[in-house]
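Below is one structure; the comments refer to it alone.
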Amino acid sequence: MKITATPGKTDSFTDVMGIKVGQAHDVGVNTGTTVIIPDNPIPMGVDVRGGGPGTRDTNALDPTCLVEEFHGLVLSGGSVFGLDAAGAVTEALSEKGIGFPFGPRALPVVPSAILFDLKNGGDKNWGAEAPYRRLGLEALNNLSTTVEHGRFGAGHGATAGGVQGGIASASLETEDGLIVSAIVAVNSFGPTVHDVPMEHGTIEMPKLGFVGTNTTIGAVATNLKLDKAGCTRLAMMAQDGYARAIRPIHTPFDGDTVFAMATGDKEVSKDAMATTMAVAGTLAADCVAKAIEKAVKAA
């Protein structure tokens, strides 16, 4: 049986309805932050394969852990400093009453992943206060269904195999209404195969000066009704899009991470779920590979 999918209405991450994206960057520092917020709390999963990841609250995404739904996701430049963006977004959502009502304040759960862009020539002499809390709040205030591609958000200061990286998104929709989308900030150690065609047995290694300027981070979304375990499987399959578009990938230098989220608008029967997941995961990998190519071209 042949499954055919075509790009969604805008060929972007927000073609999965019920999700908005906000982005902000600082030209002087040469860095930025991307915030993803669902209209309602949704299940999420994650797959981390790089040897040098920087993340926050990814353990909460484990299907064996308590929390079942999540309130946002932050992708940011800045290495460990970029994790501050998720803290600022968490506090801002709590102020709006978004989160679990477990105490005197709402408790949002906002996982995050960061990429390393501290050696890209920007002014990193920011003193005692890094810019990422500010960038997180700016991105949150810029939420929209329009996703900017190229040097925006977490992709603003990114590099890809020694050339300019960036951020982009893509989507695919089947005839029966299954929608899958991806957004990726490309900051990889290895070059994209679009720029360096793959030849089996030959590896195009970047110059050592770019070691440390690494990590590709992103997210996929679907309108399927999935739990955390289903989202985790979707993230695992989506990660294959990295391997199709970047070489080498998942190296000791990279922190490659893919999150997955499901809005639950499309239900399928239990008997059809395994087959549907196979399709959704394959399309997710397609979207990831396509977003990577678009990101580098747009940057």
Hey, mind stepping through K297 and K294 against side chain to side chain contact (heavy atoms under 4.5 Å, CB included) and telling me if it holds? CA-CA 5 Å; K297 283 184 176 179; K294 289 171 68 175; 5.7 Å; no
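A distance of 8.5 Å separates OG1 in T232 from CG in D47, rounded to the nearest 0.5 Å. A distance of 9.5 Å separates CD1 of I42 from CD1 of I36, quoted to the nearest 0.5 Å. To the nearest 0.5 Å, atoms CG (L283) and CG (L178) are separated by 6.0 Å. Taken to the nearest 0.5 Å, the OG atom of S169 stands 7.0 Å off from the CG atom of D11. Of the inter-residue distances, the one linking S94 atom OG with H71 atom NE2 reads 10.0 Å to the nearest 0.5 angstrom.
Remark: the D271 side chain and the S269 side chain contain no N/O donor-acceptor pair separated by less than 3.5 Å. Side-chain contact, Y132 with T31: a donor N or O sits under 3.5 Å from an acceptor N or O. In this model, no donor atom of one side chain and acceptor atom of the other lie less than 3.5 Å apart for S181 and S171. Counting only N and O atoms by type, the side chains of D15 and T10 include a donor and acceptor under 3.5 Å apart.
Other residues, nucleotides and ligands contribute more than 12 heavy atoms inside 6.0 Å of the CZ atom of R56. Other residues, nucleotides and ligands place no more than 12 heavy atoms under 6.0 Å from the CG atom of N59. Around NZ of K225, the count of heavy atoms belonging to other residues, nucleotides or ligands within 6.0 Å does not exceed 12.
Look at E173 and K9 and you find no salt bridge, because none of the NZ, NE, NH1 or NH2 atoms lies under 4.0 Å from a carboxylate O. In this structure, R134 pairs ionically with D26, as a charged nitrogen and a carboxylate oxygen lie closer than 4.0 Å. Ion pairing between K20 and D39 holds under the 4.0 Å rule for side-chain N and carboxylate O. Between R105 and E95 there is a salt bridge, since a side-chain N of the basic residue sits under 4.0 Å from a carboxylate O of the acidic one. Remark: D62 does not engage K228 in a salt bridge, criterion side-chain N to carboxylate O under 4.0 Å. Ionic pairing of R49 and D240 is present here: one or more N-O contacts between side-chain nitrogen and carboxylate oxygen are shorter than 4.0 angstrom.
Using cut-offs of 30° and 60° on the angle between ring planes, the pair H156 and H25 is parallel.
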